[in-house]
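Okay, structure first, notes after.
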Protein chains: 2
Amino acid sequence: MLELAILGFLYDAPLHGYELRKRITALTGHVKPVAESTLYPAIKRLEKADLLARATQPGSVAAPRHVLTLTETGRNELCRRLAEPAQRDITDENRWFTVLAFLRHLDDPSAQAAVLRRRLAFLEEPASFFYSGDRPLRAEELDDPFRRGILTIARATSRAELAWLRATIDSLDAGSP
Amino acid sequence: MLELAILGFLYDAPLHGYELRKRITALTGHVKPVAESTLYPAIKRLEKADLLARATQPGSVAAPRHVLTLTETGRNELCRRLAEPAQRDITDENRWFTVLAFLRHLDDPSAQAAVLRRRLAFLEEPASFFYSGDRPLRAEELDDPFRRGILTIARATSRAELAWLRATIDSLDAGSP
DNA sequence: GGAGGATACATCGGTATCGATGTATAGAGG
DNA sequence: CCTCTATACATCGATACCGATGTATCCTCC
């Protein structure tokens, strides 16, 4: 996830680690903060895998900046991860939002639509947080007000997202018939 | 998170690991699956910390079941974690839903309301995923349809949750004036 | 001129989690 | 009879992440 965000931000422009951190914090930080000690090792991993290159730029301010640039391999890898996200990236909202944030970098509208369809399929299958046997329970069937809250909120999210997904898939299909 | 779920389920009734796993999978598994190799070490951790006790029940089916029971310490610890969740548990929806799923185990309505108020405060502060300088951007200001989607969905969730939070806090306050 | 904060990177220990794999038994189905 | 699946637990190595801490510079404000 973090790696996807790094690759995604660097796709637009070369950045140094600190700036990257600020952007990632703005994107997902209010929900799930990222520690510096997570970011820098992640950058190293990606560098080691040759997905990004580091150019030391000394003197400008304080400690010497390491300006990070996406390599050709890195750009391909980003597209691959966007086009073929793991199932986790589809189901977990945190991860899914990160995919969405960079999905525009896939240049093929039908590939974008395919990713949205996977999320659509996930949201369309009947699922709940609570079951009676195998049957998903509805909010109204629960005594516990807090568990009812979970279902109420999840349902609202699901409705809004389904509407958005269907509309966006339609317009992507219309754009490239 | 996982630990909270384990403690929460055991609060109701003693269970063995496998049953625990099925319940956790039902609760959060469609969004974020839990591997067995994560669950069993977690159980061991909790046992080592004396939060739960294990009673081997041989012969019933297949491998001998280890029936897990919450200790007095474990029950207190669950309540402590529910009453004083980490900030992460408030901001991250996955974690927050787990807190909500077991919040009924706090017997004090005003303590329950206090937890809901923390979430309320988090949702009320202006935040976005995208900024222009320091100003949070609205969905309408974005070109990227996918990023617009993120904001659209987040806004719908936020609205539904705010309404539910306010109503529930009111009714908790009314119940214990 | 000195304190404090922002910038910018880094390391280290600890731990949570995952994926793969293993071991056993019971029951269903062919 | 044999295979497959479900039940039930366990280990192991790899890795991702966190929290604490460290280093160094520059700028601002008092």
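Quantities reported herein were computed from a predicted structural model and do not represent experimental measurements. A note on names: the letters A, B, ... follow the listed sequences, proteins ahead of strands, and every chain is numbered from 1.
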Exercise. So which nucleotide from C/dA8, D/dA10, D/dT7 ends up closest to the side chain of A/Arg65?
Worked result: C/dA8
Exercise. In residues 96-103 of chain A, which residues come under 4.0 Å of DNA chain C by heavy atom?
Worked result: none
Seminar exercise, completed: Taken to the nearest whole Å, CZ/A/Arg54 to C1'/C/dA8 is 12 Å
For this session: Classify the side-chain pair B/Gln112/B/Arg104 by whether it contains a donor and acceptor separated by less than 3.5 Å.
Result: no
For this session: Return no unless some side-chain N or O of B/His66 is found under 4.0 Å from OP1 or OP2 of D/dA10.
Result: yes
Problem set entry | d(NZ, A/Lys44; P, C/dC9) in whole Å | 12 Å
Exercise. Among D/dC9, C/dT17, D/dT7, which nucleotide sits nearest the side chain of B/Arg45?
Worked result: C/dT17
Exercise. Judged by atom type as modelled, is there a donor-acceptor pair below 3.5 Å linking the side chain of A/Arg65 to the main-chain atoms of A/Leu15?
Worked result: no
For this session: Take the protein atom CG of A/Leu2 and the nucleotide atom C1' of D/dC17, then report the distance between them rounded to whole Å.
Result: 9 Å
For this session: Could you pull out the closest heavy-atom pair between B/Ile150 and A/Ala101, with the gap in Å?
Result: CD1-N, 3.6 Å
Exercise. Has the side chain of B/Thr69 got a donor or acceptor atom that lies under 3.5 Å from a matching backbone atom of B/Pro14?
Worked result: no
For this session: With A/Leu46 as reference, evaluate A/Leu70, A/Ile6, A/Thr71, A/Leu68 under the side-chain contact (heavy atoms from CB on, under 4.5 Å) test and give the passing residue.
Result: A/Ile6
Seminar exercise, completed: A/His16 NE2 to D/dT25 C1', in whole Å, measures 14 Å
Exercise. OP1 or OP2 of C/dT7 less than 4.0 angstrom from a side-chain nitrogen or oxygen of A/Tyr18, does that happen here?
Worked result: yes
Exercise. With respect to the phosphate group of C/dC18, does any side-chain polar atom (N or O) of A/Arg88 fall under 4.0 Å of OP1 or OP2?
Worked result: yes
For this session: For the pair B/Arg23 and B/Asp12, evaluate salt bridge (Lys or Arg N to Asp or Glu O under 4.0 Å) and give the outcome as yes or no after the intermediate values.
Result: CA-CA 12 Å; B/Arg23 302 214 182 180; B/Asp12 283 327; over 6 Å; no
Exercise. Does any pair with a residue in residues 148-169 of chain A pass salt bridge (charged side-chain N to carboxylate O under 4.0 Å, His left out), and if so which ones, sequence neighbours excluded?
Worked result: A/Arg119-A/Glu161, A/Glu124-A/Arg166, A/Glu140-A/Arg155
For this session: State which residues pass salt bridge (charged side-chain N to carboxylate O under 4.0 Å, His left out) with A/Glu141; sequence neighbours excluded, sorted by chain then number.
Result: A/Arg135
Exercise. Atom NZ of B/Lys22 and atom C1' of D/dA6: how far apart are they, to the nearest Å?
Worked result: 9 Å
Exercise. Rounded to the nearest Å, what distance is computed from the CD1 atom of residue B/Ile6 to the P atom of nucleotide D/dC9?
Worked result: 12 Å
Seminar exercise, completed: Rounded to the nearest 0.5 Å, the CZ atom of A/Phe122 sits from the CZ atom of A/Arg118 at a distance of 11.5 Å
Seminar exercise, completed: note: B/Ile24, atom CD1; C/dC18, atom P; distance rounded to Å ~ 11 Å
Exercise. Take atom CZ in B/Arg138; do more than 12 heavy atoms of anything else shown fall under 6.0 Å from it?
Worked result: no
For this session: Would you please name every residue forming a side-chain hydrogen bond (donor to acceptor under 3.5 Å, both in side chains) with A/Glu77, sequence neighbours left out?
Result: A/Arg80, A/Arg81
Seminar exercise, completed: Rounded to whole Å, the CG-C1' distance (A/Leu46 to D/dT15) equals 14 Å
Seminar exercise, completed: Rounded to 10°, the angle between the first-five-pair and last-five-pair axes of the helix from C/dG1-D/dC30 to C/dG30-D/dC1 is 30°
Exercise. Under 6.0 Å between the ring centres of A/Phe102 and A/Tyr11?
Worked result: no
Exercise. Where along residues 32-40 of chain B does a heavy atom fall under 4.0 Å from DNA chain C?
Worked result: B/Pro33, B/Ala35, B/Ser37, B/Thr38
